[in-house]
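Below is one structure, written out as structure tokens; comments come after it.
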Number of protein chains: 2
Amino acid sequence: MSNNPSPDRASDSDRSASSAAFSPLYQQIKSLLLQSLDRGEWKPGEAIPSELELAARFQVSQGTVRKAIDELAAENLLLRRQGKGTFVATHHEAKVRFRFLRLTPDDGKSSISSSKVLECRRVKAPADIAALLELRTGDTVVNMRRLLSFDQTPTILDDIWLPGAVFKGLTAESLARYRGPLYGLFESEFGVSMVRADEKIRAVSATPDQADTLQIASGSPLLQVERVSYTYGDRPMEVRRGLYVTERFFYKNSLN
Amino acid sequence: MSNNPSPDRASDSDRSASSAAFSPLYQQIKSLLLQSLDRGEWKPGEAIPSELELAARFQVSQGTVRKAIDELAAENLLLRRQGKGTFVATHHEAKVRFRFLRLTPDDGKSSISSSKVLECRRVKAPADIAALLELRTGDTVVNMRRLLSFDQTPTILDDIWLPGAVFKGLTAESLARYRGPLYGLFESEFGVSMVRADEKIRAVSATPDQADTLQIASGSPLLQVERVSYTYGDRPMEVRRGLYVTERFFYKNSLN
DNA sequence: CAGTGGTCTAGACCACGTG
DNA sequence: ACGTGGTCTAGACCACTGC
């Protein structure tokens with residue numbers, strides 16, 4: 001790229017053809033990288049090409065690639081490791097486990113967790129779920145319910161909804177066999193990377209049914225967490241309604 | 001600064017004398033900027049010197065100053081405005097109001113809020129509050145309780161604790177006269193800028209007293225939010241225990 | 001028009017991880 | 001020794017703001 005008083009803009013127009021029209025170069029590079037991630041050109045956990053390689057591929061300077069990667073790293077889509085390279089974020093990692101699970105034990109001790117799948121079936125989407133997943137009412141969705149326990153104490157009751165077209169072959173049996181975080185399974189088995197989520201939190205009273213499965217008194221206060229998770233391109237891929245027992249745990253949040 | 005094969009490092013050692021010893025230059029600049037902010041050299045809402053001025057002052061390149069400011073802007077301590085300058089963040093702004101108040105109405109309509117101070121007195125700090133504020137048990141603290149209503153509906157009951165040595169002259173009367181966000185008052189009247197906060201969230205049942213002031217049924221589920229707020233240098237400056245009625249509001253959070 | 005932050009480049013050197 | 005990302009610089013030009 002020349003940077004002279006009368007610059008040659010030919011290569012610029014080449015680039016903008018395949019990307020958002022008039023935005024900063026590094027933003028265009030960022031979109032291109034996002035497209036590659038979305039398309040699965042580099043899988044979660046793998047390294048992406050080096051900054052110099054990408055600079056050569058896109059015909060820009062290393063600094064411009066760097067700024068694009070900086071933003072993706074700030075959004076936790078990429079992970080930089082000095083001396084090694086830049087890697088696609090994955091949910092198969094101890095560090096990342098608590099990025100989406102904000103429930104924390106009072107005494108700080110990380111206790112052993114167990115997950116029991118109570119139900120998993122394919123059904124027609126209710127209107128509210130369909131809307132949140134940007135599907136049509138009646139489109140088929142996977143509905144699973146599970147109970148998470150810490151130190152043998154039932155703590156989280158989750159009701160999860162997934163688009164049926166994407167999560168083919170997800171059954172109670174395959175879930176029961178799997179060890180590890182659910183979002184890790186989604187990555188490996190269905191090619192769906194969860195990248196971001198919004199949560200709406202309320203306090204509610206346990207219904208008799210809920211109280212029964214959580215082994216608490218009916219009417220006890222519960223934290224209700226309604227989450228919508230998104231993949232690349234802000235496409236919603238999961239709706240999750242969780243009920244948390246906050247007797248010995250709390251939901252941790254940081255405001256900046 | 002020379003960048004030759006045999007560089008002259010004299011100016012480097014000059015700088016490191018007044019800052020953390022061996023860290024990247026831009027991190028040292030960042031600390032110096034933080035010190036100036038903490039010391040009140042530039043007040044909330046004011047512009048800080050231009051990048052070129054700061055570069056001249058610290059004897060570094062504009063790019064290095066820029067990277068320091070980038071991080072402070074990412075942490076919401078500074079606000080960049082193209083063509084105008086870089087400004088110190090302030091809580092006197094509509095945009096920032098909802099940075100620390102995460103309670104959102106179901107219907108999205110921003111309703112008028114009113115704040116009623118129920119109590120404000122200087123007392124000796126209980127052990128738990130003192131620990132959170134990094135004071136000694138029995139040091140004097142300001143304790144205030146207030147009720148926030150939206151559309152005439154009582155919604156938030158706050159119990160707030162502040163270090164007495166810093167918040168001299170804070171009385172129920174001065175609070176009653178003041179309009180606007182509490183953190184704005186803290187900035188203007190006491191020179192305390194809240195920069196970050198940690199929250200622990202639980203679901204609880206309303207006690208008879210709480211139910212009475214919030215005009216709900218005794219035993220109703222409430223969101224309990226325990227917040228510790230920090231100024232520059234991670235010094236705790238407020239402990240706040242809030243009870244939120246989440247009937248027509250929810251606590252909004254984003255996971256990245 | 002001048003001054004501010006925003007973008008882009010090119011090149012040097014440093015720090016880290018691996019072979 | 002080599003390749004990776006990390007830091008730092010210098011300089012050009014762009015985009016926005018306000019006089």
Side-chain angles (χ1 to χ4, degrees), chain A residues 1-16 19-20 22-31 33 42 46-56 58-74 78-88, chain B residues 1-16 19-31 33 42 46-74 78-88:
Chain A
M1 295 280 304
S2 66
N3 201 17
N4 300 330
S6 298
D8 162 18
R9 312 302 290 170
S11 52
D12 274 33
S13 42
D14 287 355
R15 273 193 305 270
S16 51
S19 175
F22 297 109
S23 62
L25 240 191
Y26 74 88
Q27 287 288 0
Q28 300 176 36
I29 304 300
K30 187 181 169 186
S31 319
L33 292 174
W42 315 302
E46 290 178 9
I48 71 172
S50 77
E51 295 178 350
L52 281 172
E53 277 180 77
L54 291 169
F58 297 128
Q59 296 283 313
V60 300
S61 77
Q62 185 188 10
T64 300
V65 171
R66 168 171 290 272
K67 185 149 186 183
I69 292 179
D70 277 345
E71 293 207 349
L72 293 170
L78 295 177
L79 190 65
R80 321 189 75 142
R81 280 189 250 176
Q82 183 175 125
K84 300 192 69 176
T86 300
F87 298 78
V88 182
Chain B
M1 297 274 306
S2 66
N3 203 15
N4 300 329
S6 298
D8 163 18
R9 311 302 289 170
S11 52
D12 275 33
S13 42
D14 287 354
R15 272 192 307 269
S16 52
S19 172
F22 297 109
S23 62
L25 239 192
Y26 75 89
Q27 286 289 357
Q28 299 176 38
I29 304 300
K30 187 182 170 187
S31 320
L33 292 174
W42 313 302
E46 291 179 8
I48 71 172
S50 76
E51 296 179 349
L52 281 172
E53 277 180 77
L54 291 169
R57 180 202 290 201
F58 297 129
Q59 297 284 307
V60 300
S61 77
Q62 185 188 10
T64 300
V65 170
R66 169 169 288 272
K67 184 148 187 184
I69 292 179
D70 278 345
E71 293 207 349
L72 292 170
L78 295 177
L79 191 64
R80 323 190 73 141
R81 281 189 252 175
Q82 184 173 119
K84 302 191 67 176
T86 300
F87 298 79
V88 182

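Every chain is numbered from 1 and lettered A, B, ... according to where its sequence line falls, protein lines coming before strand lines.
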Could you give the [atom1]-to-[atom2] distance, from [X] to [N], as a whole number of Å?
X	N	atom1	atom2	answer
B/Tyr26	D/dG6	OH	C1'	8 Å
A/Gln28	C/dT7	CD	C1'	12 Å
A/Lys67	C/dT7	NZ	C1'	7 Å
B/Leu25	D/dA10	CG	P	11 Å
A/Gln27	D/dC14	CD	P	20 Å
B/Gln62	D/dC13	CD	P	15 Å

Which nucleotide in [options] has an atom nearest any side-chain atom of [X]:
X	options	result
A/Pro24	C/dC8, D/dG5, D/dC8	C/dC8
B/Arg80	C/dA15, C/dG5, D/dT9	C/dG5
A/Arg66	D/dA10, D/dG5, C/dG5	D/dG5
A/Gln82	C/dT9, D/dT9, D/dG6	D/dG6
A/Ser50	D/dT4, D/dG6, D/dT9	D/dT4

Query raised in the report: Are B/Asp70 and B/Arg80 side-chain neighbours, meaning at least one heavy-atom pair lies under 4.5 Å?
Result: yes
Requested in this report: Using atom types as modelled and distance alone, determine if a side-chain donor or acceptor of A/Gln28 lies under 3.5 Å from a backbone N or O of A/Ser23.
Outcome: yes
Query raised in the report: How many angstroms lie between atom CD of A/Gln27 and atom NZ of A/Lys67, to the nearest 0.5 angstrom?
Result: 8.5 Å
Report task. Classify the nucleic acid contact of A/Glu51 as base, sugar-phosphate or nothing, counting any heavy atom under 4.0 Å across all strands shown. Result -> sugar-phosphate
**Report entry** DNA chain C: 5'-proximal contact among B/Leu52 and A/Lys84 (nearest heavy atom)
**Finding:** B/Leu52
Requested in this report: State which residue, out of B/Ile29, B/Thr64, B/Ile69, fulfils the side-chain contact (heavy atoms from CB on, under 4.5 Å) condition with B/Leu54.
Outcome: B/Ile69
